[in-house]
Number of protein chains: 2
Amino acid sequence: MARASGTTVRALRHYDEIGLLSPSERTASGHRRYTEFDVRRLYQVRALRSLGVSLEEIASVLADSTGGLEAMRDLLAEQLRGLEVHAAQVQQLTEQLRGLLGQIDHASMPDPDQFLTTLEMISVFETYFTTEQREQLARRRAELGSETIEAAKTEWAELVEELLRHVEEDTPVEDPRVRSLVARWDALGSRFHAGDGEQTRAAAQRMWNDNSEEIGRSLPWPADRMRDLVRYLERVRQAG
Amino acid sequence: MARASGTTVRALRHYDEIGLLSPSERTASGHRRYTEFDVRRLYQVRALRSLGVSLEEIASVLADSTGGLEAMRDLLAEQLRGLEVHAAQVQQLTEQLRGLLGQIDHASMPDPDQFLTTLEMISVFETYFTTEQREQLARRRAELGSETIEAAKTEWAELVEELLRHVEEDTPVEDPRVRSLVARWDALGSRFHAGDGEQTRAAAQRMWNDNSEEIGRSLPWPADRMRDLVRYLERVRQAG
DNA sequence: GCTAGGACCTCCCGCGACGGCGGGTTCAAG
DNA sequence: CTTGAACCCGCCGTCGCGGGAGGTCCTAGC
């Protein structure tokens with residue numbers, strides 16, 4: 001039976017165990033004997049499995065013997081919707097991976113630590129931006145190109161690290177190097193926040209607040225240094 | 001730590017259990033205490049997870065602290081390839097589902113039993129045609145349209161059932177109804193076999209042979225009746 | 001009748017990435 | 001000193017089987 005149907009013995013036994021397809025007969029010694037009816041049912045099961053339907057759903061739709069054509073259509077339609085959602089997610093992942101790889105290969109990032117920081121920023125982004133907001137970003141990404149947004153994350157990490165050094169060295173707020181860095185910072189932010197709703201800005205704000213207050217170590221950089229950095233930023237802007 | 005990083009407590013403990021991310025410190029009472037180093041590592045783990053990388057691969061690539069940028073690129077490239085293959089499979093499934101649904105909705109199939117038979121044929125096809133051969137069929141499908149091929153499976157099932165009745169009633173081979181059915185049968189086959197290599201034809205042949213000889217009940221119809229049907233077909237063709 | 005070896009049986013553990021429960025301990029606020 | 005929240009550990013469950021141990025059965029050849 002297993003050979004003829006293209007399944008394995010183990011799978012047949014599994015279907016028997018969960019009650020999806022129990023052979024109608026057994027020999028005196030306990031061997032499973034599949035009738036013609038069982039064979040047809042097995043083909044139906046395998047076909048639905050190959051369409052990605054779960055065994056539980058197969059069981060319920062095959063148990064509903066009241067014609068069952070409507071139930072079957074509903075099941076397949078739902079399956080199709082699920083697949084389409086899944087395909088969209090896969091697509092998004094694929095773009096993200098391509099962006100990252102493009103960035104590595106364009107040799108714009110010789111420093112492994114820098115790359116790790118980019119990875120960390122990805123996680124921070126995904127934690128604090130809801131799906132909706134990320135869809136807004138995705139639309140923007142379509143305009144900017146997927147590599148651009150990855151590069152932006154890197155640039156941000158870069159800016160943070162440089163500015164942190166200036167905070168530590170207490171560089172005066174009028175220093176043109178600092179003012180240039182802050183200008184880049186603001187330009188970077190406006191590329192992503194301009195045109196977005198208030199909620200996206202709020203999420204960005206929450207990102208800072210949670211990270212500096214919650215337990216003080218949620219960002220890749222220490223929270224107290226980030227607080228200092230934010231205050232320093234404001235001083236530079238007011239001085240400009 | 002869980003709240004701030006967007007993970008769950010259970011996930012953190014899981015990472016600890018498998019040795020992927022064990023907190024550097026513990027309090028005297030045994031509570032996990034995560035250092036700044038741990039936090040950064042967690043962000044890296046979460047980012048790679050969100051890219052679909054398995055925990056095992058993450059562990060190996062993060063353990064390789066020798067710069068690791070090349071290992072990282074290899075990992076992400078492999079991940080991307082896997083995703084692309086997966087996307088192609090999802091695409092194929094989606095088309096198949098759309099074909100089936102289109103067939104149901106076009107009301108060309110009012111009989112639930114008929115639809116179940118179509119399901120069974122799907123399984124038979126997938127068992128006996130190798131991937132390569134199915135790719136050939138897929139190219140042909142592109143020419144014919146995906147709904148057409150589903151309709152063909154239905155038509156085949158229909159032809160088999162009508163011809164089986166004629167075999168049972170022993171309709172003379174000169175009967176025009178029978179000759180018409182056989183003509184449709186041959187036309188149907190030629191739509192799929194014409195232009196295909198010898199192997200595809202061989203697979204179709206194997207499909208019949210295995211099914212009529214192996215255990216005698218592998219097709220949705222009884223094997224002896226199918227044997228009779230095949231003999232009857234040849235007689236009709238010779239009479240034509 | 002005997003034996004060899006293949007096919008079958010049941011029972012059980014394993015995967016991957018956690019979720020969730022139960023029963024106990026620890027911690028910080030009031 | 002209490003109380004409720006947060007933490008600890010250990011164990012079972014998920015989904016669709018794969019694979020192994022240890023035993024029984026069946027058929028072909030001698």
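Numbered from 1 within each chain, the chains take letters A, B, ... in sequence-line order.
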Please give, in whole Å, the distance from [N] [atom2] to [X] [atom1]?
| X | N | atom1 | atom2 | result |
| --- | --- | --- | --- | --- |
| Glu17(A) | dC12(C) | CD | P | 12 Å |
| Arg26(B) | dT26(C) | CZ | C1' | 14 Å |
| Arg32(A) | dA7(C) | CZ | P | 17 Å |
| Glu57(B) | dA17(C) | CD | P | 9 Å |
| Arg3(A) | dG6(C) | CZ | P | 13 Å |
| Met1(A) | dC8(C) | CE | P | 12 Å |
| Arg33(A) | dC9(C) | CZ | C1' | 15 Å |

dT10(C), dC27(C), dC12(C): which one has an atom nearest the side-chain heavy atoms of Arg10(A)?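 Nearest nucleotide to the side chain: dC12(C).
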
Of all the choices, dC18(C), dT26(C), dT10(C), which nucleotide is nearest to the side chain of Ser29(B) once you look at every atom? dT26(C)

Of Ala11(A) and Thr27(A), the one whose nearest nucleotide on DNA chain D sits closer to the 5' end is Ala11(A)

For residues Asp74(B) and Val61(B), determine if any side-chain heavy atom of one lies less than 4.5 Å from a side-chain heavy atom of the other. no

Mind checking salt bridge (charged side-chain N to carboxylate O under 4.0 Å, His left out) for Arg13(B) and listing every partner two or more places apart, or none if nothing turns up? none

Would one find a side-chain N or O of [X] under 4.0 angstrom from OP1 or OP2 of [N]?
| X | N | result |
| --- | --- | --- |
| Arg49(B) | dC18(C) | yes |
| Tyr15(B) | dA17(C) | no |
| Thr8(B) | dG19(C) | yes |

Heavy-atom contact window of chain A on DNA chain D, given 5' to 3' at under 4.0 Å: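 So the contact region on DNA chain D extends dG16(D) to dC26(D).
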
Decide yes or no on salt bridge (Lys or Arg N to Asp or Glu O under 4.0 Å) for Asp16(A) and Arg26(A), but give the supporting numbers first. CA-CA 12 Å; Asp16(A) 189 6; Arg26(A) 290 261 190 163; 3.2 Å; yes

Show the numbers, then the answer: is there a side chain to side chain contact (heavy atoms under 4.5 Å, CB included) between Leu75(B) and Ile58(B)? CA-CA 9 Å; Leu75(B) 175 66; Ile58(B) 294 175; 5.8 Å; no

Residues passing the ring-ring contact (aromatic ring centres under 6.0 Å, His included) test with His31(A), sequence neighbours excluded, are none

Go nucleotide by nucleotide along DNA chain C from the 5' end; which of Arg13(B) and Arg13(A) gets its closest nucleotide reached first? Arg13(A)

Starting at the 5' end of DNA chain C, which residue's closest nucleotide do you reach first, Glu56(B) or His31(B)? Glu56(B)

Flag yes if more than 12 heavy atoms outside Glu84(B) fall under 6.0 Å of its CD atom; otherwise flag no.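 More than 12 within 6.0 Å, yes.
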
Using atom types as modelled and distance alone, determine if a side-chain donor or acceptor of Gln96(A) lies under 3.5 Å from a backbone N or O of Leu51(B).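 Looks like no, no N/O pair under 3.5 Å.
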
